[in-house]
Amino acid sequence: MERTLNSELTDKIGEPVRTAGWVSIRRDHGKLIFLDVRDRSGEVQCVVTPKAEDALAVAKTLRPQWVVEIEGEVKERPENMKGAGVCGGVELVARRIAVLSQAEELPFDMAAELNLDTHLDYLPLTLRTKRSRDIFTMQAAILDAYRRSLIAQGFTEFAAPALVGGDAEGGAAAFKVEYFNDAVAFLATSPQLYKQIMVGPFERAFTVAKIFRAEKSATTRHLSEATCIDFEMGFVENEHAVMRALERSIRDVVEEVSRTHADMFERFGTTPPLTPEHFPVLTLQEALKALGKKEAPDMEPEDERGICEWAKKERGSDFIFITRFPTKKRAFYTYEDPAEAPYSRGFDLLFRGLEINSGAQRIHDQAMLVERMRDRGLDPQKFRYYLQAFKYGMPPHGGCSTGLERFTARMLEIPNVKEATAFPRDMNRIDVRLSD
Ligand code: ATP
Ligand code: MG
């Protein structure tokens with residue numbers, strides 16, 4: 001008999017089936033045993049009665065996370081017992097149960113709320129909880145919708161390298177890799193230079209890349225290894241063209257996940273984000289003014305939270321763009337129009353209190369780029385490979401980068417980005433706690 005998924009059982013009432021999955025809970029009720037069994041499609045209740053003597057004997061030994069195969073018959077549950085969820089309307093009456101794999105006694109109750117460190121220490125187990133499965137189902141849906149939106153907007157995906165010969169930003173702390181003869185390599189802090197190069201062949205290019213940042217602090221928003229969705233597009237007039245493409249991607253993602261995962265927002269005690277027809281746009285100085293603050297070259301985390309509250313209240317938006325940061329605060333390749341100096345054409349997108357994206361129009365003129373490098377104390381000779389893209393014809397262009405973990409965390413209002421990362425790395429942890 002072929003395997004039937006739990007979600008397909010509703011179509012097979014009265015029929016014999018074979019299912020397989022993990023036992024979540026066993027409940028003993030007098031002579032009956034009830035099992036909740038999870039597979040990739042959802043959870044279903046299974047009843048074992050004394051009529052199925054062998055199955056009952058096996059059921060008595062089962063504990064959480066044992067992997068089983070069950071043969072039985074699908075029954076409709078009484079109307080008042082039909083719970084929520086895909087498989088709520090039916091139950092499986094077991095005829096035969098086979099154990100495919102046993103599990104040791106669990107170190108804690110899977111339904112209990114765990115502190116973050118315990119959750120992370122036991123990820124191979126805790127990733128199986130409903131909460132974790134929700135988070136990473138959401139993340140996969142975000143990534144898929146984002147990808148489809150960019151492809152629909154004419155972008156071509158490429159795979160960016162993670163090993164690089166120099167630090168792309170010249171600033172962000174990079175991890176050194178010692179292996180290559182006579183040369184120091186680094187783990188990429190961003191796919192920036194490569195996606196700009198890809199404007200040459202494709203005009204519009206994007207990549208889902210791993211970035212590595214040797215962050216020397218442990219915060220709720222920083223990882224040592226993060227995933228970003230980076231795109232770059234040619235023939236832009238200014239940074240607003242990039243912001244429009246980004247806004248469309250974000251809107252497409254929000255529409256898709258609101259439609260397909262409405263129940264998830266409810267379980268996390270939140271709602272789908274508000275995306276008005278135009279996301280609000282404030283310059284940095286306008287934003288600080290709205291917060292009653294003095295002029296400053298950048299925003300503090302509390303300002304990011306404050307201005308997001310303002311955007312929600314005043315503009316009905318969970319997203320807000322901040323533009324016109326001082327050029328000296330942005331990466332070397334950020335474009336500055338002489339008439340707009342000392343402000344750059346860079347922007348940040350904030351979502352529910354946190355920066356999730358940074359972008360800009362970039363410098364496309366080779367001489368200007370070389371001059372900017374010199375101003376920043378960078379050696380243009382070290383960038384000669386990248387500079388070929390500009391030497392051989394580069395249109396005005398711009399792009400941006402969204403942190404997937406931060407986007408996911410804010411989508412479900414999860415306070416720590418580490419919980420929105422399947423296998424988070426930070427100063428203190430690569431799977432296990434490094435101090436142990
Ligand atoms: P922040 O100022 O908040 O530390 P950043 O400005 O250094 O971030 P960018 O270089 O602009 O980050 O990277 C683009 C996006 O990638 C960020 O908006 C964020 O969503 C994500 N990102 C960057 N660094 C990290 C990190 N260490 N951990 C998690 N996400 C990150
Ligand atoms: Mg940034």
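All heavy atoms count here, side chains included; hydrogens, waters and symmetry mates do not. Indexing begins at 1, ligand by ligand and atom by atom, following the structure's order.
Contact annotation: for Ser401 versus ligand 1, heavy atoms closer than 4.0 Å belong to both the backbone and the side chain. Counting heavy atoms under 4.0 Å from ligand 1, residue Glu215 touches it through the side chain alone. Neither the backbone nor the side chain of Asp348 comes within 4.0 Å of ligand 1, counting heavy atoms alone.
Considering both main-chain and side-chain atoms, Ile356 comes within under 3.5 Å of ligand 1 through a nitrogen or oxygen pair. In terms of polar-atom proximity, Ile211 is not counted as a contact of ligand 1, lacking any N or O under 3.5 Å from an N or O of the ligand. The shortest N/O to N/O separation between Glu355 and ligand 1 falls below 3.5 Å. Taking only nitrogen or oxygen atoms, main chain and side chain alike, Thr402 does not reach within less than 3.5 Å of ligand 1. In terms of N/O distances under 3.5 Å, ligand 1 is approached by Leu223.
By the 30° and 60° cut-offs, the orientation of the rings of Phe351 relative to Phe407 is perpendicular. Ring pair Tyr335/His364 is parallel by interplanar angle, where below 30° counts as parallel and above 60° as perpendicular.
For atom 29 (C) of ligand 1, the candidate residues are Glu304, Arg330, Arg213, Arg221; the nearest heavy-atom contact is made by Arg221. One option in Lys418, His222, Gln192 has a heavy atom closer to atom 1 (P) of ligand 1 than any other, and that option is His222.
Here Ser358 meets the criterion, with an N, O or S atom under 2.8 Å of the Mg ion (ligand 2).
The pair Glu113-Arg131 fails the salt-bridge criterion, with no side-chain N (NZ, NE, NH1 or NH2) lying under 4.0 Å from an Asp/Glu carboxylate O. Taking a cutoff of 4.0 Å between a charged side-chain nitrogen and a carboxylate oxygen, Asp348 and Arg330 qualify as a salt bridge. Here Glu336 does not pair with Arg345 in a salt bridge; the nearest charged N to carboxylate O distance is not below 4.0 Å. Using a 4.0 Å cut-off between charged side-chain N and carboxylate O, Arg259 and Glu255 make no salt bridge. The pair Arg204-Glu232 does not count as a salt bridge, with every side-chain nitrogen at least 4.0 angstrom from each carboxylate oxygen. A salt bridge between Arg324 and Glu286 is absent, with no side-chain N of the basic residue lying under 4.0 Å from a carboxylate O of the acidic one. Salt bridge annotation for Arg63-Glu105: absent, with no cationic side-chain nitrogen under 4.0 angstrom from a carboxylate oxygen.
When each atom of ligand 1 is checked for a heavy atom of Asn357 under 4.0 Å away, the hits are 18 (O). The atoms of ligand 1 that sit less than 4.0 Å from any heavy atom of Ser358 are 11 (O), 18 (O).
For the pair Asp39 and Thr19, the minimum side-chain heavy-atom distance is 4.5 Å or more.
For Glu355, the N, O or S atom closest to the Mg ion (ligand 2) goes by the atom name OE2.
Contact between Arg406 and ligand 1 is present, with at least one heavy atom of the residue lying under 4.0 Å from the ligand.
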